[in-house]
Asks: 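Starting off with a structure, shown below.
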Amino acid sequence: MSIDIETGGEGLRRITLNEPDRRNPIAHHSRAELCAALGEAATDDNVRAVVLTGAGGNFSAGGDIRDQGERSLGAHRERFAVIADMVTRMARFPKPLVASVEGWAAGGGFALALACPTVVASREARFIAGFTKIALMPDMGLLSTLPARIGPARARHLLLSNRIVEAPEALELGIVDALAEPGEAARMAGEMALKEAEGAALPRQFILDWFARDLAAALEYEATLQPMLLDSDDAAEGRAAFAEKRRPVFRGR
């Protein structure tokens with residue numbers, strides 16, 4: 001298992017990405033485990049709210065490079081179906097769901113955090129898109145969730161430039177909703193989630209559904225195009241350059 005699940009007092013469920021030696025990468029099996037964990041939490045009447053966090057001082061370094069590569073169209077479609085299920089569950093989760101970000105939220109880790117309706121970050125957290133560094137487009141709904149938070153122009157710039165966003169700027173831009181002292185993000189996230197759980201559940205659900213209305217289009221778009229990019233020569237070069245710690249040489253094919 002690449003995630004840990006625990007339920008504390010007052011019905012707060014904590015789901016932790018737990019591969020700290022690798023900064024909690026999000027591989028296909030991790031996404032499937034997270035879908036199952038979210039489904040169980042959504043239907044457990046003893047769970048009032050959920051916090052999603054990462055172990056070892058980082059949220060997530062993003063997609064697992066070792067898990068990427070050329071695959072058949074059928075295999076790609078199955079993997080992106082799991083991604084769409086996971087992201088949709090998160091954006092429309094029927095109970096308060098808060099991301100707790102310490103350290104890095106990079107690539108898919110950035111997207112995973114923004115799939116949560118609320119994001120709390122440590123003052124030392126850092127965010128970066130990073131997808132184009134390995135010749136990929138953003139996925140896991142980031143084409144929808146990032147502009148929904150900060151506007152399309154700023155989102156386009158961050159996605160294309162791969163600029164690192166430090167936590168104070170992330171708060172100013174609207175990427176995160178609150179900042180905590182280092183090591184305290186999970187505690188603050190839990191408090192915010194339980195506070196939100198005191199409100200009426202039905203209007204909350206319909207509000208989330210409205211704000212997630214454009215998410216399906218982004219998920220369909222990435223599921224159509226990302227497989228071609230994953231199988232491209234440039235993506236293979238990006239993975240090789242990442243492993244060899246060098247600058248990639250992209251050729252547009």
Side-chain angles (χ1 to χ4, degrees), residues 14-26 30 51-65 87 90-91 96-193 196 211 218 238 241-242 245-248:
R14 183 181 294 188
I15 301 174
T16 304
L17 307 173
N18 193 26
E19 292 188 65
D21 56 326
R22 301 184 59 222
R23 294 185 178 179
N24 308 315
I26 309 167
S30 306
V51 169
L52 177 64
T53 189
N58 288 289
F59 184 71
S60 173
D64 191 343
I65 295 292
V87 173
M90 295 172 70
L97 173 62
V98 182
S100 163
V101 180
E102 300 271 357
W104 281 101
F110 188 9
L112 190 70
L114 292 199
C116 296
T118 304
V119 182
V120 175
S122 158
R123 294 185 182 278
E124 295 180 353
R126 293 180 172 183
F127 300 83
I128 184 173
F131 289 91
T132 63
K133 286 186 173 183
I134 53 173
L136 299 178
M137 62 181 282
D139 58 23
M140 292 174 56
L142 194 60
L143 287 173
S144 172
T145 57
L146 184 59
R149 279 186 167 268
I150 69 173
R154 285 175 170 171
R156 180 172 59 247
H157 172 71
L158 290 183
L159 294 175
L160 291 175
S161 70
N162 296 305
R163 183 171 65 81
I164 294 171
V165 180
E166 306 282 350
E169 184 186 5
L171 178 65
E172 180 181 349
L173 290 174
I175 291 172
V176 306
D177 301 294
L179 295 185
E181 295 303 317
E184 294 294 315
R187 180 191 60 77
M188 180 182 287
E191 292 176 352
M192 291 176 64
E196 186 178 334
F211 281 102
F242 180 86
K245 295 181 172 56
R246 60 172 174 81
R247 183 183 298 274

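In this chain, residues are counted from 1 in sequence order.
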Asks: For the CZ atom of Phe59 and the CG atom of Asn24, what is their distance to the nearest 0.5 Å?
Replies: 8.5 Å
Asks: How far apart are the closest heavy atoms of Gly108 and Met140, and which atoms are they?
Replies: O-CE, 3.4 Å
Asks: At what distance, to the nearest 0.5 angstrom, does OG of Ser161 lie from CD1 of Ile128?
Replies: 8.0 Å
Asks: Please report the closest heavy-atom contact between Ala91 and Pro117, naming both atoms and the distance.
Replies: O-CG, 4.1 Å
Asks: Between Glu184 and Arg123, is there a salt bridge with N-O shorter than 4.0 Å?
Replies: no
Asks: Quick one: which of Val101, Leu146, Leu159 gives a side-chain contact (heavy atoms from CB on, under 4.5 Å) with Phe110?
Replies: Leu146
Asks: Would a distance-only check, ignoring hydrogens and angles, find a side-chain to backbone donor-acceptor pair under 3.5 Å from Asn162 to Ala129?
Replies: no
Asks: Keeping Thr16 on the side-chain end and Ala55 on the backbone end, is there a donor-acceptor pair under 3.5 Å?
Replies: no
Asks: Got Leu173 and Arg154 here, is their nearest side-chain heavy-atom distance under 4.5 Å?
Replies: yes
Asks: Ser122 side chain to Glu102 main-chain N or O, any donor-acceptor pair under 3.5 Å?
Replies: no
Asks: Give me the atom names and distance for the closest heavy-atom approach of Val98 to Ala189.
Replies: CG1-CB, 3.6 Å
Asks: Take Trp104 and Arg126 through the side-chain contact (heavy atoms from CB on, under 4.5 Å) test and state the conclusion after the steps.
Replies: CA-CA 5 Å; Trp104 281 101; Arg126 293 180 172 183; 3.6 Å; yes
Asks: Could you report the tightest heavy-atom contact between Ala113 and Ala99, atom names first, then the distance?
Replies: O-CB, 3.8 Å
Asks: Apply side-chain contact (heavy atoms from CB on, under 4.5 Å) to the pair Thr118 and Glu196, showing each step before the final yes or no.
Replies: CA-CA 10 Å; Thr118 304; Glu196 186 178 334; 4.0 Å; yes
Asks: Is the CZ atom of Arg246 crowded by more than 12 outside heavy atoms at less than 6.0 Å?
Replies: yes
Asks: If you compare all heavy atoms of Ala121 against all heavy atoms of Val176, which two are closest, and at what distance to 0.1 Å?
Replies: CB-CG1, 3.9 Å
Asks: Please walk me through it: do Thr145 and Arg149 pass side-chain contact (heavy atoms from CB on, under 4.5 Å)?
Replies: CA-CA 6 Å; Thr145 57; Arg149 279 186 167 268; over 6 Å; no
Asks: Any chance you could lay out the side-chain contact (heavy atoms from CB on, under 4.5 Å) test for Ile15 and Thr53, step after step, and finish with the verdict?
Replies: CA-CA 6 Å; Ile15 301 174; Thr53 189; over 6 Å; no
Asks: How many angstroms lie between atom OG of Ser100 and atom CG of Leu52, to the nearest 0.5 angstrom?
Replies: 8.5 Å
Asks: List the steps and the verdict of salt bridge (Lys or Arg N to Asp or Glu O under 4.0 Å) for Arg163 and Glu169.
Replies: CA-CA 12 Å; Arg163 183 171 65 81; Glu169 184 186 5; 3.0 Å; yes
Asks: With heavy-atom distances below 4.5 Å as the criterion, would you say the side chains of Asp139 and Phe131 are in contact?
Replies: yes
Asks: Which heavy atom of Pro147 sits nearest to which heavy atom of Leu142, and what is that distance?
Replies: CD-O, 3.5 Å
Asks: Does the Asp177 side chain pair with the main chain of Val120, one donor and one acceptor, at a distance under 3.5 Å?
Replies: no
Asks: Would you call Ile150 and Ile175 a side-chain contact if the rule is heavy atoms closer than 4.5 Å?
Replies: yes
Asks: Is the backbone N or O of Arg23 less than 3.5 Å from a side-chain atom of Asn58, with the two atoms forming a donor-acceptor pair by type?
Replies: no
